[in-house]
There are 4 protein chains.
Amino acid sequence: MKQTSVADDVLRAALGLFAAQGYANTSVQQVVEQAGVTKGAMYHYFQSKDDLLFAIYDRMLTLQTDHLDAIVARGEPIEVTLRAVCVDVIETSIDFLLEGTVFFRSVHMLSQPRQQEVTRRRRAYHDTFAGLVEKGQAEGLYRTDVPRGVLVAHFFADVHYLPTWFSPEGPETKEQVAAQLTELFLTGIAAGPGRG
Amino acid sequence: MKQTSVADDVLRAALGLFAAQGYANTSVQQVVEQAGVTKGAMYHYFQSKDDLLFAIYDRMLTLQTDHLDAIVARGEPIEVTLRAVCVDVIETSIDFLLEGTVFFRSVHMLSQPRQQEVTRRRRAYHDTFAGLVEKGQAEGLYRTDVPRGVLVAHFFADVHYLPTWFSPEGPETKEQVAAQLTELFLTGIAAGPGRG
Amino acid sequence: MKQTSVADDVLRAALGLFAAQGYANTSVQQVVEQAGVTKGAMYHYFQSKDDLLFAIYDRMLTLQTDHLDAIVARGEPIEVTLRAVCVDVIETSIDFLLEGTVFFRSVHMLSQPRQQEVTRRRRAYHDTFAGLVEKGQAEGLYRTDVPRGVLVAHFFADVHYLPTWFSPEGPETKEQVAAQLTELFLTGIAAGPGRG
Amino acid sequence: MKQTSVADDVLRAALGLFAAQGYANTSVQQVVEQAGVTKGAMYHYFQSKDDLLFAIYDRMLTLQTDHLDAIVARGEPIEVTLRAVCVDVIETSIDFLLEGTVFFRSVHMLSQPRQQEVTRRRRAYHDTFAGLVEKGQAEGLYRTDVPRGVLVAHFFADVHYLPTWFSPEGPETKEQVAAQLTELFLTGIAAGPGRG
DNA sequence: AATGAATGAGGATTCATTCAT
DNA sequence: GATGAATGAATCCTCATTCAT
């Protein structure tokens, strides 16, 4: 009943190996062995090792962008929207913990055009997020004594860092961590006396 | 007693190349060419390519640990100490921006023993930092409704993320960013009504 | 009874690609894509890539041999026959310029048996031509102070070289070049004082 | 006492194999085995398989161009010069029979830049040759009723064709063939009644 | 007749490291 | 201390061909 077993198997194997030993340290041979397919079959579905890396990113980026659009489309008040966005990125980043591990280590190994494509899509996400913060500042919700770029970086830092420390076997659940980090971030950026 | 030894030239070249194109994408040949030395000369000072990577980390880790010890040794009140520590790690991380770029991307490429050595030293830093937070919580300075591990991760996330976004050519200076991120972090973790 | 069969499309595509980039540099995949058919369809009509090459030669060799036989069969005087033969090979070689390009570069890529088959047929043509020269020499038309093999080679050299330099877009027409090269050749081999 | 045994051995092996089985049908593995060196050693002296091909051409083109310049520099009468040039190209082409075999079959396998370099140098030779013919025509030595391009092609055809038919074991010596082909060519292009 | 996924052997190239000089 | 030629294992990728459908 599987649609395309080969491509899926290869991608799953690649994800596991790239996360465990790094992209550069993983040979195509290892990937196909782990996936139980032949090299030829793999190259029937993917044009290069590079493609595997990109496909891994693609799934994650697409899903997160879709979520972001959906949340913004609900048209709720800024503070509700921003909180929902924060919680969602953190939760999906935990869902894609392996992808994240691979992502942040190995984007620079992508071919130049692909790297630009990835950067473009990440920037789009980033800009939408920054737009929400800007609107919130205009409404007096968030502080303006710190440059917006720093506020935004302060949030994505948490997302970026997740694969480094979070473990599903750890004491906190995905939902708890999402709520906690979001709380820390929003408290930090809240407007208040002497914060513009 | 030479100002510019072969080893220094090689390390500088390696740092630049590793940061620009990645450790795995940089050949020893490229490093020695950039450094203006021969392969034989390099292998006289370094046992392996691995050694170059480790040496890069080593300088940064040693310096940051020394700073941490010095600040703690001053024996100032917790809130003063923690703030100083935060500012210092951020500032030195900016001083070592290239090192950081290489570090976070390529630790996993080190040989197993070396990786453990690096992890051990980073954990030591991390534990000292967590100890400061714990003391502050005991004094009622920092919130306790969020697990300490999450508070600490929330800070190191900022440090970790710096090489990704900060640019010396950007609008903010190193000192400003250090102050701003520290402020966001400390505001986020501050104790308050309903925060334990 | 179809005008444009799969086989024809494939051969046309193969001819163009082989001429443009070489036989070895052209993949079967490229051929079928260019022809607008699938690999399976191609392998239904041709047993191997080798077959494509041979089919290209085959058309040209068959046609030239048929022409030769027809001209000889007319039973005209030697000098008329030889001139007609020369003009015809040159003209048909220009008609089959792409075939010639491929031919002279890639015969050695054919399977051994096929290579022999091609050689056999070329030699047959060559021998008939040499026979005409021999008869002409017996009649005192052509010089005998140069070995007959050299005289014959001197002619086929011109034919062989056509794909290298002749262009339909060039200043001379096919008919002109055929007449001119024939003239140069026949003048060169003509009997005369001190030429046996 | 050998200067660089490795490079020479490799080149010699490559020449033999390329001539016998074709460039595309010869693997780098075969070349190094035949040369008795390791693959790594070969790649220390040549950047690519392509390089081997180019080096083979290079030797031949350089030598022939040098000869041409030397002969022209003697400043003898046109008819003496042209005859000497013809004889020389034919003789050196026989000396480099294997190189020629490889050359004419495989130029199109070179990388684009290298192909242009080869073409440039061949054209230079060709142009000098055409210049000699032009001068001879001006002096009334050579016919003008046939376009100069065709006259020149008629000569290079012979050179081009040599590797296809000439054999050192054949009945004629290099010197004989050179004299005979030159004679056929010069007779063919000589001025005369009704030839402009 | 036709499809196109899958095979599997082979190919060119890279590169960290060694070692005789 | 320093050289750079040589090693040899590993890597990514290509491709003609087959075969179940």
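Throughout, protein chains are lettered first and strands after them, A, B, ... in sequence-line order, and every chain is numbered starting at 1.
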Nucleotide of E/dT3, F/dG4, F/dA2 approaching D/His44 most closely (side-chain heavy atoms):
F/dG4

Out of E/dA1, F/dA16, F/dC13, minimum distance to the side chain of C/Tyr45 belongs to E/dA1

Can you tell me the Watson-Crick or wobble partner of F/dG8, both distances under 3.5 angstrom?
E/dC15

Could you tell me how the ring of A/Tyr23 sits relative to the ring of A/Phe18: parallel (under 30°), tilted (30 to 60°) or perpendicular (over 60°)?
perpendicular

For the side chain of B/Gln34 and the backbone of B/Val31, is there at least one donor-acceptor N/O pair under 3.5 Å apart?
no

Could you work out the separation of E/dA1 and F/dT21 based on their P atoms and round it to a whole Å?
22 Å

Checking the side chain of A/Thr38 only, and the main-chain atoms of A/Ala41 only, is there a donor and an acceptor separated by less than 3.5 Å?
yes

Do C/Gln29 and C/Val32 pass the side chain to side chain contact (heavy atoms under 4.5 Å, CB included) test, and can you show the C-alpha distance, the side-chain angles, and the key distance before you say yes or no?
CA-CA 5 Å; C/Gln29 187 60 42; C/Val32 299; 4.2 Å; yes

E/dT21 - base-pair partner by Watson-Crick or wobble geometry, distances under 3.5 Å
F/dA2

Has the side chain of B/Lys39 got a donor or acceptor atom sitting under 3.5 Å from an opposite partner on the base of E/dT17?
yes

How many whole angstroms separate atom CG of C/Asp51 from atom C1' of F/dT17?
13 Å

Have a look at B/Val118 and tell me which of B/Arg122, B/Arg120, B/Gln115, B/Arg114 forms a side chain to side chain contact (heavy atoms under 4.5 Å, CB included) with it.
B/Arg122

Using the closest heavy atom to pick a nucleotide of DNA chain F for each, name whichever of D/Met42 or C/Ala24 lands nearer the 5' end.
D/Met42

Phosphate OP1/OP2 of F/dT7 contacted by D/Thr38 side-chain N/O (<4.0 Å)
yes

Consider the side chain of B/Lys49, meaning its heavy atoms from C-beta on, and name the nucleotide among E/dT17, F/dC12, E/dA12 that approaches it most closely.
E/dT17

OP1 or OP2 of E/dT7 versus the side-chain N and O atoms of A/Tyr43: is any pair under 4.0 Å?
no

Please pick, from E/dT3, F/dC12, F/dT17, the nucleotide with the shortest atom-to-atom distance to any side-chain atom of A/Ser27.
F/dC12

Which nucleotide sits closest to the side chain of D/Ala41: E/dA2, F/dA2, F/dA6?
F/dA6

Return whichever of A/Val37 or C/Val37 has its heavy-atom-nearest nucleotide of DNA chain E closer to the 5' end.
C/Val37

Starting at the 5' end of DNA chain F, which residue's closest nucleotide do you reach first, A/Gln47 or C/Gln47?
A/Gln47

5′-ward residue of the pair B/Asn25/D/Val28 relative to DNA chain E
D/Val28

